[in-house]
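Below is one structure, written out as structure tokens; comments come after it.
Predicted model only: the values in this text are computed from it and were never measured. Just follow the structure's listing: the first ligand is 1, and inside any ligand the first atom is 1.
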Amino acid sequence: MKNIYLPVSGKIEEIIPQGRDVSLFRVRTQMPLDHAPGQFFMVSVWGAGEVPISVASLSGEDNTVELCIRRAGLVTGAIHSLKAGDPLWLRGPYGNGFPLDVSRGRDIVVVAGGIGMAPLRPLIKWFMKKPEDVGQVTLLYGARTPDEIVFREEMEDWKERGINVLLTVDRADEGWKGHVGLVTGLWQEVHSDLKRATAYICGPEVMIKAAMGELFLFGMPEERIITTLEAHMKCGVGKCGHCYAGPRYICTDGPVFSYREIKNYSLLLSR
Ligand SMILES: Cc1cc2nc3c(=O)[nH]c(=O)nc-3n(C[C@H](O)[C@H](O)[C@H](O)COP(=O)(O)OP(=O)(O)OC[C@H]3O[C@@H](n4cnc5c(N)ncnc54)[C@H](O)[C@@H]3O)c2cc1C
Ligand code: FES
């Protein structure tokens, strides 16, 4: 019988710093791991523990998966102490991933805050790969400071490939010429009809709540306002109950939910 808790071994191929306390880990696995934007892996380091981390890359043919990880505590700190060539263990992918049927033929608004850009990066790559499937894609991304912006160089390439990239920071430094303020202060620069568009949101809970509420007030239907939720997870597969929230397990019913699914369960947005 297959042991669902047995991770597969991977080897860190490259570590690319992405701003303060965040790095992109490219991990080569023994076998191809088919995953979709919005899904996550349980990632472990021997002797330290296991944490849920979103896939930050598109499924490819080269047996690699990219994980964008912020140093938060014990396990993520242990991951950050590793070097290229070191082993990293993965279980998954788990979770439902972003629904793509709600985006077909529509303009897309991607709203990201901080490390919340990680699960949205493969979604943007997917839309760039399938431009005929969607209309204008606009990214609204907010970071606390300019040096906390992740994938900054990549975003230049996204702009060249037609994505409307709008950046803002909470606190500017001397070199910053862009917006200062909340990501939800950028709506006026979105040229899409929000009633007809689809939104994908990931970031700090306070940002998610504000963005969902405002998009709803702008007339975007509840089922097209999509977000991902976080929880402390242990098993990742619906067995331990750690991520139980309201009537749902975030690991198996989510981590992606529509506003329609969660609006009546304030618990899901107040963990
Ligand atoms: C589905 C999912 C996908 C995620 N994807 C990513 C990702 O792509 N990149 C990334 O950097 N992080 C991601 N996280 C968050 C990551 O799992 C936590 O930062 C990690 O578990 C912290 O573990 P630690 O041992 O390093 O920190 P700990 O020593 O356990 O804790 C350090 C601090 O972080 C807080 N914390 C721990 N876990 C969480 C959590 N799940 N949510 C909120 N606060 C937490 C603790 O309360 C404590 O204050 C994701 C979480 C989930 C549930
Ligand atoms: S993490 Fe164990 S039930 Fe979700």
- Run the numbers on Glu222 and Ser258 for side-chain hydrogen bond (donor to acceptor under 3.5 Å, both in side chains), then give the verdict. CA-CA 7 Å; Glu222 297 165 347; Ser258 70; over 6 Å; no
- Task: Check each atom of ligand 2 against the heavy atoms of Gly238 and keep those under 4.0 Å away; list them by number with element.
- Result: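 In order of numbering, the contacting atoms are 3 (S).
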- What atoms of ligand 2 come closer than 4.0 angstrom to any heavy atom of Lys239?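 Here the atoms of ligand 2 in question are 3 (S).
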- Item | Proximal atoms of ligand 1 relative to Arg70 (non-hydrogen, under 4.0 Å) |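 In order of number, 10 (C), 11 (O).
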- Query: At a 4.0 Å threshold, what atoms of ligand 1 neighbour a non-hydrogen atom of Ala118?
  - Reply: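 Checking each atom against Ala118, I get 8 (O).
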- Query: Of the listed options (Asp21, Ile53, Val51, Val22), which comes nearest to atom 21 (O) of ligand 1 when hydrogens are ignored and any heavy atom counts?
  - Reply: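 It is Val51 that holds the nearest heavy atom.
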- Message: Heavy atoms only: which of Gly49, Gly95, Ser54, Cys251 lies closest to atom 8 (O) of ligand 1?
- Response: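 Among Gly49, Gly95, Ser54, Cys251, the closest heavy atom to atom 8 (O) of ligand 1 belongs to Ser54.
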- Query: Would you say Gly77 and ligand 1 have an N/O pair spaced under 3.5 Å apart?
  - Reply: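 In this structure, Gly77 places no N or O atom under 3.5 Å from an N or O of ligand 1.
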- Query: Which residue owns the protein heavy atom closest to atom 39 (C) of ligand 1, what's the atom, and how far is it?
  - Reply: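 Looking at atom 39 (C) of ligand 1, the protein heavy atom closest to it is His232 CE1, 3.5 Å.
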- Query: To which protein heavy atom is atom 53 (C) of ligand 1 closest, and what is the distance rounded to 0.1 Å?
  - Reply: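 So the nearest neighbour among protein heavy atoms is Ala231 O, 3.3 Å.
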- Verify the neighbour count for atom CD of Gln188: are there more than 12 heavy atoms of other residues, nucleotides or ligands below 6.0 Å?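 No, CD of Gln188 has 12 or fewer neighbouring heavy atoms, counting only those of other groups under 6.0 Å.
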Do any N or O atoms from the side chain of [X] and from the backbone of [Y] form a donor-acceptor pair under 3.5 angstrom?
X	Y	answer
Tyr200	Pro99	yes
His179	Gly142	no
Arg121	Ala56	yes
Gln39	Ala36	yes
Glu50	Val75	no

- Is the distance from atom 2 (Fe) of ligand 2 to some N, O or S atom of His242 under 2.8 Å?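 Given the 2.8 Å cut-off, His242 does not count as a ligand of atom 2 (Fe) of ligand 2.
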- Query: Is there an N/O/S atom in Cys251 that lies less than 2.8 Å from atom 2 (Fe) of ligand 2?
  - Reply: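 It does not; every qualifying atom lies at 2.8 Å or beyond.
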